[in-house]
Amino acid sequence: MFDRIRSDIQCVLDRDPAARSTWEVVTCYPGLHAVWLHRPAHWCWTHGFKWAGRFISHLSRWFTGIEIHPGARLGERVFFDHAMGVVVGETAEIGDGCTIYQGVTLGGTSLYKGTKRHPTLGKDVVVSAGAKVLGGFLVGDGAKIGSNAVVIKPVPAGATAVGIPARIIPSKTGESADVTDPKFQAYGITQEDDPLSQAMRGLIDNAAGQEHQIALLWQAIETLAEMKKRDCVPQDAAREEHFEADKLNQLVGK
């Protein structure tokens, strides 16, 4: 038990640069208090003392602002950072080393009792501020959920989910949400672009290229027409480029 408590404290010191001492973590981190209160609540729930489990959970919510159903399963070294307004549903499972920020909901989309209604997070998953993960599916090891994303389908291991509804950015080899990596992005931020923005920029660049080629063709036709002293170029021919590719790229975030 004491080893696990030490592990809980150390994971906060490792992941939060604002944490300055063990005493500060023990006394001033509601995310840690929520984890500690969840353990007796979960024990009561799994041993048939349902009301006691719910009451401890209710007290924890009142003291910490974090609502974890006593039926939820938490692994080791789970860190709720800030975490005001977090809601974790009854059948949710949170793997070892996960980091969850404020305003996150691990919710369900089914009203049937006894079914797997809430998500399962693998190891070392980061769920960023305001994200909603809804449904009884798996978020793979090392995945990242971007801030305010709404995830309604499985996320592969190491991938990043962003947007509403969430779109999946596949991971590169060796990249994940490992908090020991100096490049760790606390709020699920990724250097990769939103896949929708990538697609839009591709279309913009393609359209700009096609307009350029059409303008060159009309200019060549106009030159030939002048050489043969015949006017065969339509009045509405696009001899100049007007497509504002740079402006559109700025709008989509390039």
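Any value given below was found using the heavy atoms of this structure, including those in side chains, with hydrogens, waters and symmetry copies removed. Numbering of residues begins at 1 and proceeds along the displayed sequence. None of these values were measured; they are calculated from a predicted model.
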Item to check | Any P165 side-chain heavy atom under 4.5 Å of V150 side chain | outcome: no

Checklist entry - Does any pair with a residue in residues 23-36 pass side chain to side chain donor-acceptor pair (under 3.5 Å), and if so which ones, sequence neighbours excluded? => result D8-W36, D16-Y29, R20-E24

Next on the checklist: What I want to find out is whether R73 reaches E93 closely enough, with some N-O distance under 4.0 Å, to be called a salt bridge.
Outcome noted: no

Checklist entry - Is F137 linked to I168 within one hydrophobic cluster, defined over Ile, Leu, Val, Met, Phe, Trp and Tyr using a side-chain heavy-atom separation of less than 4.5 Å? => result yes

Checklist entry - Stepwise, does the side chain to side chain contact (heavy atoms under 4.5 Å, CB included) test hold for F49 with I56? => result CA-CA 11 Å; F49 303 103; I56 296 172; over 6 Å; no

Item to check | Student check: side-chain heavy atoms of R54 and P70 closer than 4.5 Å | outcome: yes

Checklist entry - Do M84 and L32 belong to the same hydrophobic cluster, where Ile, Leu, Val, Met, Phe, Trp and Tyr are linked whenever their side-chain heavy atoms lie under 4.5 Å apart, directly or via other members? => result no

Checklist entry - Stepwise, does the side chain to side chain contact (heavy atoms under 4.5 Å, CB included) test hold for T105 with V133? => result CA-CA 6 Å; T105 298; V133 188; over 6 Å; no

Checklist entry - In this structure, are over 12 heavy atoms from other groups packed under 6.0 Å from R61 atom CZ? => result no

Checklist entry - Does H118 reach the main-chain N or O of V88 with its side chain, forming a donor-acceptor pair under 3.5 Å? => result no

Item to check | K153 atom NZ, over 12 foreign heavy atoms within 6.0 Å | outcome: no

Checklist entry - Which atoms form the tightest heavy-atom contact between G107 and P119, and what is the distance? => result O-CD, 3.4 Å

Item to check | Gap separating the CZ atom of F79 from the CG atom of L13, nearest 0.5 angstrom | outcome: 9.0 Å

Checklist entry - Tell me, do R15 and T99 make a side-chain contact under 4.5 Å, heavy atoms counted? => result yes

Next on the checklist: To the nearest 0.5 Å, what is the distance between CG on D124 and CZ on R77?
Outcome noted: 7.0 Å

Checklist entry - Hey, does the side chain of K50 reach the backbone of C44 with a donor-acceptor pair shorter than 3.5 angstrom? => result no

Checklist entry - Among T64, V35, L37, whose side-chain contact (heavy atoms from CB on, under 4.5 Å) with P30 holds? => result T64

Checklist entry - Taking everything shown except I152 itself, do over 12 heavy atoms lie less than 6.0 Å from its CD1? => result no

Next on the checklist: A quick test of your reading: do over 12 heavy atoms of other residues, nucleotides or ligands sit less than 6.0 Å from NZ of K132?
Outcome noted: yes

Checklist entry - If you look at every heavy atom in G122 and L138, which pair is closest and at what distance? => result N-CD1, 4.4 Å

Checklist entry - How many angstroms lie between atom SG of C98 and atom CD1 of I100, to the nearest 0.5 angstrom? => result 6.0 Å

Checklist outcome for this item: Closest non-hydrogen contact found for G146 with A131 is O-CB, 3.7 Å

Next on the checklist: Would you compute the distance between atom CG of L134 and atom CZ of R117 and round it to the nearest 0.5 angstrom?
Outcome noted: 13.0 Å

Checklist entry - Do V155 and I145 come close enough that some side-chain heavy atom pair is under 4.5 Å? => result yes

Next on the checklist: Assess the residue pair D96 and E76 against the criterion (side chain to side chain contact (heavy atoms under 4.5 Å, CB included)); give the C-alpha distance rounded to whole Å, side-chain angles, the decisive distance to 0.1 Å, and a yes or no.
Outcome noted: CA-CA 5 Å; D96 298 344; E76 298 182 5; 3.9 Å; yes

Checklist outcome for this item: Closest heavy-atom pair, C11 versus V78, reported as atoms and distance to 0.1 Å, is SG-O, 4.3 Å

Item to check | Qualifying ring pair (Phe, Tyr, Trp, His ring centres under 6.0 Å) pairs, either residue in residues 52-75, two or more places apart | outcome: W45-H69, W51-F55

Item to check | Interatomic distance, I68 atom CD1 to S57 atom OG [nearest 0.5 angstrom] | outcome: 7.5 Å

Next on the checklist: What verdict does the side chain to side chain contact (heavy atoms under 4.5 Å, CB included) test give for L121 and V127, after you've listed the backbone C-alpha separation in whole Å, the side-chain angles of each residue and the deciding distance to 0.1 Å?
Outcome noted: CA-CA 9 Å; L121 308 186; V127 187; 3.8 Å; yes

Next on the checklist: Could you tell me if the side chain of V139 sits less than 4.5 Å from the side chain of T120, heavy atoms only?
Outcome noted: no

Item to check | Smallest separation among heavy atoms of G135 and T109, with atom names | outcome: CA-OG1, 3.9 Å

Next on the checklist: Keeping K144 on the side-chain end and G158 on the backbone end, is there a donor-acceptor pair under 3.5 Å?
Outcome noted: no

Checklist entry - Hey, quick one: are L74 and V86 part of the same hydrophobic cluster, counting side-chain heavy atoms closer than 4.5 Å, chains of contacts allowed? => result yes

Checklist entry - To the nearest 0.5 Å, what is the distance between CG (D81) and OH (Y101)? => result 5.0 Å

